[in-house]
Amino acid sequence: MEDLKKILNERQYAAVTSTSKYLRIIAGAGSGKTRVLTYRIAYLIDNLGYYPSSILAITFTNKAADEIRNRVEKTLNMGHLHMSVATFHSYCARILREECKLLNYPSSFSIIDEDDQKKIVKDIIKEKEIEAKDLKISTCLDYIANKKNQWITPEVELKTTKGNFFKHQEAIIYGAYEDYLQKNHMLDFDDLILKTIKIFTENPHVLEKWQNRLRHILVDEFQDVDNNQFKLLCQLAGDDNEITVVGDPDQTIYTWRGANIQIILNFNKNFPDCESIALEENYRSSGNILNVANQLISHNHNRVKKNLFTKADLGCDISIYVADNEIKEAEYVVNNILDLYDGQNIFYKDFAILYRANSQSAPIEQILMNRGIKYKIYGGIRFYRRMEIKDCIAYLKFATNLSDDFSALRLIENTGRGIGKTTLDKIKANAQTENVSIYEHLKNNLDNLKDFYMGKQSASLRSFIIQIQELHDKFLFEPKKANVILDDHLHKYGYFDMLIANEMDDKIDNVHKFIEQMRDFLMKDDATLDEFVQNVSLMSSQDEINDQQATDDYVKLMTVHTAKGLEFDNVFVYGLVESIFPSSRTIMESIDGIEEERRLFYVAITRARKRLFLSTSGGYSYMGLRQPSRFLKEIKFKAQEENIAIKKGQDKPLLPTNIRAGSLIKHDIFGEGIVLNEHDGLIDVVFKDPKFGRKTLVASHKFVHLIK
DNA sequence: CGCGAGGATATTTTT
DNA sequence: TATCCTCGCG
């Protein structure tokens with residue numbers, strides 16, 4: 001390994017070489033976090049003699065995991081190291097593959113994504129004939145995730161919600177959902193973590209086995225860890241294993257999903273003799289960019305102060321632009337790209353356009369297309385969520401896990417078998433009557449399906465089952481050739497024909513791409529088909545980024561969330577409009593929400609190395625008149641263009657207000673409420689409707705009206 | 001089964 | 001303001 005003292009600064013060196021049992025690294029944006037993490041792992045192996053297999057590094061994306069593995073192997077100049085670099089979810093999937101018989105699951109369990117969840121809940125609502133007027137699917141899923149993650153079982157929920165009609169129905173759905181998953185040997189993302197914790201809690205000897213395999217656990221992006229992930233980490237660490245955590249509290253952007261910022265803040269208090277190191281020198285951005293970032297984040301009150309600095313020059317001025325409308329704003333962005341692009345030093349791939357919500361990409365796309373600039377959107381419809389890919393996955397899931405009714409139904413319905421809703425409902429009902437899985441029902445009645453279904457349908461179902469049996473057997477005998485087997489199957493039984501008939505050329509390409517990925521994965525010695533199917537279900541939008549980034553010259557478009565952990569020479573943060581960024585919901589909800597939005601904007605700014613362009617636009621949207629984001633007013637900078645209301649002295653509250661403690665107000669969504677107190681333009685309100693309870697709101701917001 | 005009218009609905013989404 | 005989804009009809 002290189003001479004670490006030469007290539008690392010003092011703090012980084014201390015972090016890499018620390019021998020503390022518990023180490024917390026607070027790493028500011030661009031301070032060399034990934035570098036420190038990889039060198040630390042290399043150091044543990046090379047200098048301190050740890051077995052690679054005794055090291056577990058946890059990241060939040062598969063992409064980050066690959067990157068860390070590659071960099072460690074490169075640093076040590078070694079081939080494949082037997083260390084574990086995984087996401088929380090993929091590591092749990094691995095544990096469960098070995099241990100889930102303790103929960104009466106087979107190791108070929110299916111992992112379901114959010115689309116699958118929605119479909120399941122939808123079917124439950126229909127089947128149970130639940131009055132679904134006000135019941136939104138997404139609300140149900142939120143509710144289920146919420147209860148689950150708090151370890152509240154459906155049984156308990158059913159009891160406690162008696163008397164509350166609405167909540168009781170949600171509890172019924174929750175119960176049916178859990179039953180459905182258990183019956184079909186399915187696990188959702190939350191289950192992966194929760195079931196692992198459950199097994200460890202109930203089977204101390206199993207936990208001990210996993211603890212003993214490890215000696216040192218490192219966790220990246222620790223600021224976004226939630227309570228159960230932390231619990232799992234503590235279990236794996238036990239009393240003896242060492243822990244290193246790395247994170248930046250200013251970059252917590254997933255609290256809406258359970259991330260608990262207190263975990264990183266209190267880590268040093270909860271672990272005895274924990275060493276804490278702060279990395280504060282930024283190596284990524286120019287001085288101007290860093291100044292803006294620092295100024296912005298200093299507006300957060302609920303925060304530990306930090307002094308992020310750089311030795312770099314001030315660099316280019318920050319550009320800001322206020323356009324009349326969204327189209328003009330998009331033109332501004334694209335014109336700047338064209339001005340800078342020279343095809344020699346600056347390429348299209350050096351530009352990233354970031355926005356708050358996926359829906360904002362349309363105007364930019366339009367203009368980029370007009371000017372003939374190649375671009376790529378990340379995180380829109382993800383590869384693994386495409387219909388044709390989900391069909392392939394359903395084939396794999398069903399053929400390896402015959403009790404997976406969900407995949408069975410998908411295949412029967414979607415793969416051109418001439419079977420519609422009526423027959424599908426019949427199949428479900430019949431299987432339920434016989435109290436067996438759909439596969440069993442059809443297989444048991446293979447020769448008398450005519451008694452159950454109409455002629456055409458019964459013949460179709462018969463051949464479907466025979467096909468699946470063939471696929472199942474082939475996978476069993478030659479799992480390593482699963483890619484070839486699937487490819488043959490799709491040709492032989494008309495799936496490709498169906499796509500050709502519908503002129504779905506791009507879908508055919510995608511299927512080929514998928515089968516190639518399968519081949520590459522299965523080529524590895526220890527890789528199994530179960531593992532492939534489960535991993536595929538854990539893929540995400542960031543996983544596409546790497547391959548394209550290196551070679552092709554595309555402008556990249558993505559949400560700020562997706563851009564986390566990435567960096568680009570030139571960054572546009574587009575659509576800085578009040579109620580979009582910060583988003584309207586967080587404006588209404590609470591001060592914590594605004595602070596999270598501010599952290600999100602901070603993440604956006606700190607992606608930039610050389611140039612930063614901020615823009616906003618007026619015009620109308622369904623929310624009404626668009627106004628520049630408050631965040632633009634919070635930063636003072638030497639701007640190239642300052643063309644309207646952001647100039648000093650023009651700052652004023654959005655609307656005058658005379659709401660104070662004791663006022664009776666009416667909120668468009670929460671209804672009537674009484675103001676408890678008023679401070680800094682914010683009001684604490686108790687709403688009449690106990691559903692909403694007590695909230696902190698922005699007093700001047702247009703959703704709030706004074707009654708008296 | 002496919003189409004159009006009309007109603008609902010409107011973040012972010014590492015897994 | 002736009003888009004997406006659903007439902008009803010041909």
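Residue numbering restarts at 1 for every chain, and letters A, B, ... go by the order of the sequence lines.
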task: Would you please determine if the base of B:dT12 is stacked by A:W256, with stacking meaning a centroid separation under 5.5 angstrom and planes under 30 degrees?
output: yes
task: Please name the pair of heavy atoms, one in A:T616 and one in A:P628, separated by the smallest distance, quoted to 0.1 Å.
output: OG1-CA, 3.6 Å
- prompt: Do A:K33 and A:E221 meet the salt-bridge criterion of a basic N to acidic O distance under 4.0 Å?
  reply: yes
C:dA2 and B:dT13, which share atom name C1', separated by this distance in whole Å: 23 Å
- prompt: Taking the side chain as C-beta and beyond, is there a heavy-atom pair between A:Q229 and A:F222 under 4.5 Å?
  reply: no
- prompt: Between A:F88 and A:R356, who's closer to the 5' end of DNA chain B by nearest nucleotide?
  reply: A:R356
Residues that A:R607 engages under salt bridge (charged side-chain N to carboxylate O under 4.0 Å, His left out), provided they are two or more places apart: none
- prompt: Could you state the NZ-P distance from A:K118 to B:dT9, rounded to the nearest angstrom?
  reply: 13 Å
task: Give the rounded distance in Å between these two atoms: CG of A:D115 and P of B:dT13.
output: 14 Å
- prompt: Of the candidate nucleotides B:dT14, B:dT13, B:dT11, which contains the atom at the shortest distance from the side chain of A:A357?
  reply: B:dT11
message: Taking the ring centre of each residue, are A:F532 and A:F514 less than 6.0 Å apart?
response: yes
message: Once you apply a heavy-atom cut-off of 4.0 Å, does A:K122 come out as touching a base, just sugar-phosphate, or nothing?
response: sugar-phosphate
- request: Look only at the side chain of A:R417 and the backbone of A:S460, and say whether a donor-acceptor pair between them is shorter than 3.5 Å.
  value: no
task: Determine the contact category for A:F581: base if any of its heavy atoms lies under 4.0 Å from a base atom, sugar-phosphate if only primed atoms, P, OP1 or OP2 are that close, otherwise nothing.
output: nothing
Integer-rounded Å distance: B:dT12 P and A:D592 CG: 21 Å
- request: Describe the nucleic acid contact of A:D224 in one word from base, sugar-phosphate, nothing, applying a heavy-atom distance below 4.0 Å.
  value: base
field: Covered region of DNA chain C, 5' end to 3' end, by chain A [heavy atoms, under 4.0 Å]
entry: C:dT1 to C:dT6
message: Using whole Å, what does the distance between atom P of nucleotide B:dT12 and atom CD of A:E597 come to?
response: 11 Å
- request: Could you tell me whether A:S583 contacts a base, only the sugar-phosphate backbone, or nothing, with contacts defined as non-hydrogen atoms closer than 4.0 Å?
  value: base
message: So, does A:T562 get its side chain near the phosphate of B:dT13, meaning an N or O under 4.0 Å from OP1 or OP2?
response: yes
statement: Whole-Å distance, A:Q223 CD to B:dT14 P, equals 15 Å
task: Report the distance from atom CD of A:E221 to atom C1' of B:dT14, rounded to the nearest whole Å.
output: 8 Å
- prompt: Roughly how many Å is it from CD in A:E114 to C1' in B:dT12, rounded to a whole number?
  reply: 11 Å
message: Just to verify, what does A:K147 make a salt bridge (charged side-chain N to carboxylate O under 4.0 Å, His left out) with, not counting sequence neighbours?
response: A:E157
field: Atom-to-atom span, CD of A:Q360 to C1' of B:dT12 - whole angstrom
entry: 11 Å
